[in-house]
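I have placed the structure first, in the form of structure tokens, so that the comments after it can refer back to it.
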Amino acid sequence: MTDQNPNAYPPAPPAAYTPYPAQKSGTNVLAIIALVGAFVFPLAGVICGHIALSQIKRTGESGRGLAIAGLVIGYVYIAFIVLFVVLAIVGGLIAASAGYSSYSY
């Protein structure tokens with residue numbers, strides 16, 4: 001026979017027991033770098049933004065909005081650069097075919 005009471009309460013947890021995992025309260029550094037880098041060098045902003053989102057998902061840090069803002073600004077900036085280059089090439093080709101040249105014969 002056992003001398004345990006089936007209606008007894010379970011033993012109390014240790015004094016240092018925390019029922020919830022500790023949350024990191026800091027902002028992810030790569031999220032900040034992504035936002036700043038998107039203005040200076042957009043490709044760095046995009047790369048750091050993707051890495052920051054992965055780290056934030058894994059660690060629970062804050063800064064998700066900063067990382068997303070860095071991604072959006074970086075992608076928009078890259079799109080404007082690509083559009084500018086394409087328009088410059090098309091404009092150059094149109095100017096060359098129209099006979100506007102600075103070379104004299």
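The analysis underlying the following values was restricted to heavy atoms, covering all of them including side chains, and did not include hydrogens, waters or symmetry mates.
Leu30 and Ile47 fall within the same hydrophobic cluster, defined by Ile, Leu, Val, Met, Phe, Trp and Tyr side-chain heavy atoms under 4.5 Å apart, directly or through other members. Phe84 and Val76 fall into different hydrophobic clusters, where Ile, Leu, Val, Met, Phe, Trp and Tyr residues are linked whenever their side-chain heavy atoms come under 4.5 Å apart, directly or through other members. Both Phe39 and Leu66 sit in one connected hydrophobic cluster of ILVMFWY residues. Membership requires side-chain heavy atoms under 4.5 Å apart, directly or through other members. Hydrophobic clustering of Ile, Leu, Val, Met, Phe, Trp and Tyr side chains at less than 4.5 Å, counting indirect connections, unites Val85 with Leu93. Under a hydrophobic clustering in which Ile, Leu, Val, Met, Phe, Trp and Tyr are joined whenever their side-chain heavy atoms come within less than 4.5 Å, directly or via other members, Val46 and Tyr77 fall into different clusters.
One finds the CD1 atom of Ile51 at 10.0 Å from the CD1 atom of Ile33 (value rounded to the nearest 0.5 Å). Separation of atoms CG (Leu43) and OH (Tyr75) is listed at 9.0 Å; rounding is to 0.5 Å. Remark: Ile56 CD1 to Ser62 OG distance equals 7.5 Å, nearest 0.5 Å. Note that OG1 of Thr59 is 6.0 Å distant from CG of Asn28, once rounded to the nearest 0.5 Å. With rounding to the nearest 0.5 angstrom, the CG atom of Leu87 is 11.5 Å from the CZ atom of Phe80.
Listed here is the closest heavy atom pair of Ala67 and Gly49: CB-O, 3.9 Å. Scanning both residues, Gly70 and Ala38, for their nearest heavy atoms gives O-CB, 3.4 Å.
Looking at heavy atoms from C-beta onward, Ile81 lies in side-chain contact with Pro42 at the 4.5 angstrom threshold. Residues Leu71 and Leu53 form a side-chain contact, since some pair of their non-hydrogen atoms from C-beta on lies under 4.5 Å apart.
Not one N or O on the side chain of Thr27 forms a donor-acceptor pair closer than 3.5 Å with the backbone of Gly63.
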